[in-house]
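One-based numbering along the sequence shown.
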Amino acid sequence: MTSTTITICGEEGYAVDAETKSRSASLLTLFNKIHADIFLCTMPPKRKAQPLESRRSKRVVRANATPESTPEAFDDLFAQGNHSTVIDNASNEIDELTKQLIHSLDARARALGETEKYDEAHKDALKMISLAPTSQLGYARAGSLYQKQGNRTKAVAAYLEGIAALKRDKKAVEYFENAIKELNGQADNDAVGLAKVGRFPQALEMAREMIETNPTSADAYLCTAEIYMLQCKPQMAVRACAAGLKKAKKTDPQYKALTPSKKRAEEQQEIKVDFVERLPADVLELIFSRVEAEQRLLCMSVSKIWKQRIAQSAGAWRELVLNTKTPLAPLDPMLAHVNHFTIYSHDTANVVRSYDVLLDNKVKNVQTLNFYVNNHVPATNRFDRIFHRFENTLTTLTLNQHGTSPKRTLPSVGWILSRCPELADLTYESQHLLSTKAQKTGFPRTSKLKRLRLRAMATRDGGRISDAVFKAIGKCCTQLVYLDAEKCDVSSIDVIKQEFKELKQLYFNTSNFRFKPLPKSNGEEQGLTVVTFKDNARTQPDGDRHVVPLILDNQSTLRKLVLTQSTVFTGFSSGFTPGPTRADAWQALTNFHGSQLRKLVIHVKCKQEYVTSVINHAPKLESINIQDYATNSTMEAVGNLQHLRKLKLFKHSDELTTAGLTSLFSRLAENNTIECLSLHSVWNLKDEALVKIASINSLQSVNIEECDYISANGLKRLFATVIKNKQSSLVRMDLICLEMLTDAAVKGLVAIKNLKTISIDYAERLTDQGGKMLAEWEDQPGEFRRKLYLSSSPKAFRAAQKYYMQKRKKAASDQSIF
């Protein structure tokens, strides 16, 4: 289309009054501007330049231009002095050009919306509204763009603006009202759907937006009432319906539905449902089994029905915890159901009354007893009576004495085994283990014990469980498959190797550590499957010489190997100093061939070539945890593993370079099996290696901690690459002690689509804006619940707290809507 310019004839002899000339000039200026806009909107793409004669031959007047609106016609009219005709013709031409411009803008906005260029599309829609505020197209296009973006609130606002601007146009008003009804119907279904799956806060937030956007819509109030009914809040449903009857339009088709909805809510409000009376017995057992005994007793005081049904819920009373706050008198009817007792005794009076409960005639078939006592240990004859009573049923026993100066000590292991022939699981933690003379006596000839945990409490003289204790236990407990021993001599490993022939899982600590939960075993293995060795090289310098032969003897059956050894710390410059015999002892690991090894944890000061050898000869490894001095050759061996799922690297090593890490991440991306990656104090981790992590499609969790050479730009590139990777499986990100984490990086972090958990610690550069973005991310409704762990980041933490406080205030003000 060719642009046409209208000029005002100014030849001498034509008298034109100043007012008419000014008005004509302004009209023609507007005409030229609109014509230029149309020309720019409909301008074809650039083509190769043509000769001047060819271009002049193709220059024609606009196809729909009338003879009265051509430049020559305007010149003739000016020559005749017919200015009113010029004004009329120019006005008609401007209207035509405006319509054409609006249609062109509408077409371009629609095309931009289809290509998801929403910012440019909205500019065209706003331009349409400004040029023709009484045209339906601008408001309709703006609403459809917002609808395509999923922003119902702004879409409804655009349609409502159109209704306000076009009150007299019935067809336009009807179109906008139908669009709003359709949007409200979608929002209604989505909100009720969220409420049906228990996500009531998100559902109520959507209902609130519907009311705020269109307070005269009956659908919004009906939706709110339905959500409250699903939430079992009929009182709030009544208030929502009452507000709808007051504020909604009576001409709304759904207005009549508000009255019966209100009546149903009022009827439901009057009905009082006792769930304890109506729920099945197995459901009640499941509910009350998760409630502490004191709370259960309080529930029994609600009514006779509650007392009767809770007392008859045998499954809820299978486990009972007794402490100083537990009232004993109301427990009499339920003692017959108890199979598992846990007793916490911190004073003599509680010890006596708790043990008297066990001697009650109503207590039968006790299978588990857990005693946690301080300095107040009951007399041995009281233990004798308890064990004698449950000798045929007791299978699990825990004795934990953690007092510093007990008046009495616990019975010995041999004494317990002789009085509990059916015992299969024993946890024994006491200073009494240090008394070798007492522990060597009293053992029966045979025992059914399969799992044993021993821990000698710390003493000033640094005493340990001696070899004699393990020899006595080994002669008696020939079926033992699990042994967890803490505070032992390293020489006891040789005794354990000789005495416990059926042992499959060994957790051996020369220092004090917390007990690990009992792992599962299928019992089919013929040798040791788990070896955990935690040693203190300062007090046990030759522990490796005892454990390495044990490892090699069971290399064909080992599935889990944990080697942890602390040494003397001499300073940050020199690091840890290994003992004099360390290298020679660990060198035997080069002969290790772990065909069944699945998990490897090595925190020992040995040469990395030994660790590399172990990894190379364990092709089925699924989890690796390496601390200190990992090298490029070690990472090359890790990259060759085809079943690796978890990898943790801890502490810096100069021999592990950025190129080595980059190569490792590339190999992990090719294998596509790793799910969890943890990098702690790996200082050679830099931006070029960090970005490679995003290419690992199978990766679900990433933990980056104290990697100081990563830049803020590197984190932004990492998050941007993850967003672009449509096949990424990342659901958790832990960022700890990263000074380079900024608000700009957090903006990219929260944009990752499938991320479910974010943990940030010690990020001092995060400001209020970053904290608010994180809080909004966690609060965002979606297919899954998001979790945010934010600590030691003062500004961001305060901003997140402020966001949630405002949200609570907003939720509290929900009642003001009604």
* To do: Given side chain to side chain donor-acceptor pair (under 3.5 Å), test His643 with Glu622 step by step and report yes or no.
  => CA-CA 5 Å; His643 305 283; Glu622 297 177 359; over 6 Å; no
* To do: Determine the interplanar angle of the Trp306 and Phe275 rings, folded into 0 to 90°, and report it as parallel if under 30°, tilted if 30 to 60°, perpendicular if over 60°.
  => perpendicular
* Asked: What residues form a ring-ring contact (aromatic ring centres under 6.0 Å, His included) with Phe784, not counting sequence neighbours?
  -> none
* Asked: Any side-chain heavy atom of Glu391 within less than 4.5 Å of one from His388?
  -> yes
* State, with a plain yes or no, whether a side-chain heavy atom of Phe508 is found less than 4.5 Å away from one of Val547. => no
* To do: Would you mind reporting whether Asp484 and Glu486 have side-chain heavy atoms less than 4.5 Å apart?
  => yes
* Closest heavy-atom contact between Met334 and Ala311? -> SD-CB, 3.7 Å
* **Backbone N/O of Gln596 and side chain of Arg598: donor-acceptor pair under 3.5 Å** => yes
* To do: Decide yes or no on side chain to side chain donor-acceptor pair (under 3.5 Å) for Asn365 and Thr393, but give the supporting numbers first.
  => CA-CA 6 Å; Asn365 196 28; Thr393 60; 4.7 Å; no
* **Any side-chain heavy-atom pair of Thr757 and Tyr789 under 4.5 Å** => yes
* Taking only residues two or more places apart in sequence or in another chain, which ones pass ring-ring contact (aromatic ring centres under 6.0 Å, His included) with Phe371? -> Tyr355, Phe383
* Indicate the atoms forming the closest heavy-atom contact of Ser759 with Arg732, along with that distance. => CB-NH2, 4.3 Å
* Which residues pass the ring-ring contact (aromatic ring centres under 6.0 Å, His included) test with His593, sequence neighbours left out? -> His617
* Asked: Which atom names give the shortest non-hydrogen contact between Gly414 and Pro444, and what distance separates them?
  -> O-CD, 3.8 Å
* To do: Calculate, to the nearest 0.5 Å, the distance between atoms CD1 and CD1 belonging to Ile343 and Ile386 respectively.
  => 6.5 Å
* Can you see which heavy atom on Leu358 is nearest to which on Phe390, and at what distance? => O-CZ, 3.5 Å
* Do Asn703 and Ile736 touch side chain to side chain, with heavy atoms closer than 4.5 Å? -> yes
* **Beyond-backbone contact of Arg559 with Lys599, side-chain heavy atoms, under 4.5 angstrom** => no
* Minimal non-hydrogen separation, Asn392 against Glu422, with atom names -> O-CG, 3.8 Å
* Asked: From Lys307 NZ over to Leu297 CG, what is the distance, rounded to the nearest 0.5 angstrom?
  -> 10.0 Å
* Asked: So does Arg389 have more than 12 non-hydrogen atoms from other groups sitting under 6.0 Å from CZ?
  -> yes
* Asked: So, the side chain of Arg318 versus the backbone of Ser289: is there a donor-acceptor pair under 3.5 Å, distance only?
  -> no
* Asked: Does a side-chain heavy-atom distance below 4.5 Å link Phe500 with Ile473?
  -> yes
* **Check: Thr396/Asp425 side-chain N/O donor and acceptor closer than 3.5 Å** => no
* Please check if the side chain of Trp317 supplies one atom and the backbone of Ala336 the other of a donor-acceptor pair under 3.5 Å. => no
* **CG-OG distance between Leu649 and Ser678, expressed to the nearest 0.5 angstrom** => 8.0 Å
* For the residue pair Tyr482 and Tyr507, does the interplanar ring angle fall in the parallel (under 30°), tilted (30 to 60°) or perpendicular (over 60°) class? -> tilted
* Is a side-chain donor-acceptor pair under 3.5 Å present for Asn625 with His603? -> yes
* To do: Could you tell me the separation between the CG atom of Leu589 and the CG atom of Leu552, rounded to the nearest 0.5 Å?
  => 6.5 Å
* Between Gln367 and Asn339, do the side chains contain an N or O donor and an N or O acceptor separated by less than 3.5 Å? -> no
* Asked: Would the number of heavy atoms belonging to other residues, nucleotides or ligands and lying under 6.0 Å from NZ of Lys497 be above 12?
  -> yes
* Does the side-chain contact (heavy atoms from CB on, under 4.5 Å) test come out yes or no for Val302 and Val276, once each step is laid out? -> CA-CA 11 Å; Val302 172; Val276 172; over 6 Å; no
* Structure fact -> Taking every heavy atom of Leu284 against every heavy atom of Arg309, the minimum-distance pair comes out as CD1-CZ, 3.5 Å
* Given side chains that start at C-beta, do those of Leu417 and Cys476 come closer than 4.5 Å, heavy atoms only? -> yes
